[in-house]
**Q** 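The following block contains the structure, expressed as structure tokens.
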Amino acid sequence: MSEQREIFSSRWALILASLGMAIGAGNIWRFPRIAAENGGGSFLIPWIVFLFLWSIPLIIAEYAMGRKSRKGVIGSFIAIMGPKFAWMGAFVAFCTMGIMFYYSVVTGWSIRYFYTSLTSGLAGLDHAAEWSRYTSSGYGPVFFHFLAMSIGAFVIHRGVRGGIEKVNKVVVPLLFLLLIIAAVRALTLPGAAEGLNYLFSVDFEKLKDHRVWLEGLSQSAWSTGAGWGLLMTYAIYMDKKEDIVLNSVIAGFGNNAASLLAGLAVIPTVFALSASASVAMDSLGAGNTGLTFIVIPQLFEKMPGGAIFETLFFLALSLAAFSSLLAMIELSTRIFMDMGMNRKKAIKVVGVTGFLLGIPSAVWLGFFNNQDWVWGIGLMVSGLFVALAVIKYGADKFRKELVNVEGNDIQAGRWFSIIIKWLIPIEFAVMLGWWFWRSATEFDPDAIWNPFHTYNIGTTLLQWGVVITFFIVFNKMLVKMTSNGESQDGA
Amino acid sequence: MELNTIVTMVLFLGFVWGGFAFTLRMAVKKNEEKKRLSGESDG
């Protein structure tokens with residue numbers, strides 16, 4: 001049955017959906033921790049610089065590819081690079097789907113902690129023991145992962161206007177409001193100034209440290225969602241005359257604005273409620289899950305009205321994670337729709353597969369960490385592939401024909417072509433090389449090539465290799481299946 | 001709070017939040033302009 005293609009009802013609907021995609025758990029549980037660990041204000045400089053030198057150019061490229069092709073990620077790569085390169089689009093799509101499987105588990109954890117803080121409360125618990133008990137219980141994380149995936153699938157089943165647009169119109173403003181409330185409360189705590197000193201003080205000596213720059217680049221690449229194929233998918237539903245450049249800048253600034261709010265909420269709270277600055281730094285070094293599910297509940301207990309703010313904090317985390325999960329589910333659903341399935345059938349396939357393939361991450365943290373490492377680093381490859389698509393098309397031609405079209409509020413200048421052609425491949429090589437070097441020297445120096453370890457080069461190359469080889473071997477089939485969808489879609 | 005912190009905080013928050021507000025405002029203006037122009041051409 002032919003389906004009429006949906007379009008976002010307005011520019012604001014597209015912007016809110018893009019912000020909902022970009023602002024995820026990483027803004028709340030990773031940004032404050034990484035900013036604090038890498039010198040606060042000194043880290044913020046490279047983090048802002050790479051917003052313009054990595055994220056925004058890739059967001060522009062994604063919007064233009066999706067709007068031009070009116071297809072999901074695989075179809076977009078075919079349209080821009082030619083049928084021989086369908087496998088590249090498939091890798092980008094698989095990478096984001098690989099993240100979706102465990103990201104639904106993260107969303108489930110957030111919902112569970114929100115639910116518990118709202119009902120029985122988390123006060124009085126041994127939070128480290130509770131986290132360990134919960135994550136090893138099996139059925140609990142699986143149930144909440146199922147819940148997150150089911151609600152997400154239900155929203156995507158409702159379509160672009162009835163699902164994605166309606167949900168993001170409520171979730172994104174509410175998320176900003178919750179972050180503002182949390183930041184105001186944190187800033188009024190006695191001792192919060194110490195956290196602010198830490199977050200905003202700039203030590204120019206630190207800027208000579210390559211690590212601060214590479215952490216800034218990595219955070220910008222992961223946090224904005226640039227190069228993941230998610231905005232490429234949302235761009236299918238853009239009006240043909242919709243602006244690309246200004247919308248990309250709004251999405252980038254909006255994502256960073258939310259991250260700074262999360263930093264203002266978390267870092268002053270940790271410093272104000274910790275016994276000393278060194279204890280605060282230890283807390284911030286507890287890793288994403290350690291900080292969020294163990295340290296923050298402990299700190300909220302020491303705070304007047306802490307139970308209320310704890311509930312609001314976990315609600316914000318749940319909403320941030322959920323709005324990003326929606327984009328991942330839509331990306332996956334769109335791939336199957338391009339292959340000729342209608343939305344209802346495609347969402348059933350994605351929902352069931354997503355739930356089943358997320359179960360290993362829900363029951364085994366080791367597997368979760370491995371997938372987070374492999375596909376998190378894989379996103380850098382995805383970013384490179386998007387840049388290569390533009391380069392193959394011709395960077396200047398792409399800019400003139402697909403970006404600077406009628407209706408654009410700002411035109412992309414030659415800077416766009418230069419960044420995509422030269423800077424992004426260099427940034428990719430340096431960033432990937434650095435993470436592999438860290439893996440070989442810090443994370444797992446004794447078993448660099450063992451594919452059964454969590455954080456090493458061997459497991460990464462093996463999993464990427466299997467996926468890329470599979471898609472290259474079946475490239476022709478991918479092209480055939482993706483073009484089958486054209487008549488089904490009303491394109 | 002140290003004076004340096006206040007200055008850098010204003011700069012960082014001003015740039016990121018100011019940039020966000022400025023680009024949103026620009027989008028509102030451009031949209032109004034487009035609506036006005038399409039109204040004129042329809043008329």
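Residue numbering restarts at 1 for every chain, and letters A, B, ... go by the order of the sequence lines. Excluded from the calculations below are hydrogen atoms, water molecules and symmetry mates; all remaining heavy atoms, backbone and side chain alike, are included.
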**Q** If we check ring pair (Phe, Tyr, Trp, His ring centres under 6.0 Å) with A:Phe253, which of these qualifies: B:Phe15, B:Phe22, B:Trp17?
**A**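 In the set B:Phe15, B:Phe22, B:Trp17, the residue that makes a ring pair (Phe, Tyr, Trp, His ring centres under 6.0 Å) with A:Phe253 is B:Phe15.
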**Q** Which answer fits B:Val28, side chain, backbone, both or neither, if we ask what part of it has an atom under 4.5 Å from a heavy atom of chain A?
**A**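 Both backbone and side chain.
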**Q** Testing the basics here: between B:Glu2 and A:Asn197, what is the closest heavy-atom pair and its distance to 0.1 Å?
**A**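 Here B:Glu2 and A:Asn197 meet closest at N-OD1, 3.3 Å.
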**Q** Looking at side-chain heavy atoms only, is the closest gap between A:Leu264 and B:Leu13 below 4.5 Å?
**A**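 A:Leu264 reaches B:Leu13 side chain to side chain.
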**Q** Verify, without hydrogens or angle tests, whether B:Thr5 (side chain) and A:Phe200 (backbone) share a donor-acceptor contact under 3.5 angstrom.
**A**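 A pair under 3.5 Å: no.
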**Q** Quick check on A:Leu199 against chain B: is it the side chain, the backbone, both or neither that has a heavy atom closer than 4.5 Å?
**A**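 Interface part for A:Leu199: neither.
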**Q** Write down the atom of B:Lys34, the atom of A:Lys241, and the distance for their closest heavy-atom approach.
**A**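 The pair with the smallest heavy-atom distance is NZ-O, 4.5 Å.
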**Q** Aromatic rings B:Phe20 and A:Phe176: how do their planes relate, parallel, tilted or perpendicular, breaks at 30° and 60°?
**A**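 It falls in the parallel class, under 30°.
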**Q** May I ask you to name which of A:Leu51, A:Ile48, A:Val249, A:Ile15 has the most heavy-atom pairs under 4.5 Å with chain B?
**A**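 Max contact count across the listed options: A:Ile48.
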**Q** Taking all atoms of both residues into account, what is the closest heavy-atom pair of A:Ile250 and B:Ala27, and its distance?
**A**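 Closest heavy-atom pair between A:Ile250 and B:Ala27: CD1-CB, 3.8 Å.
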**Q** For the pair B:Lys29 and A:Asp409, evaluate salt bridge (charged side-chain N to carboxylate O under 4.0 Å, His left out) and give the outcome as yes or no after the intermediate values.
**A** CA-CA 10 Å; B:Lys29 273 188 172 178; A:Asp409 294 331; over 6 Å; no
**Q** Chain B heavy atoms under 4.5 Å from A:Leu260: which part of the residue, side chain, backbone, both or neither?
**A**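 Answer is side chain: those atoms of A:Leu260 sit under 4.5 Å from chain B.
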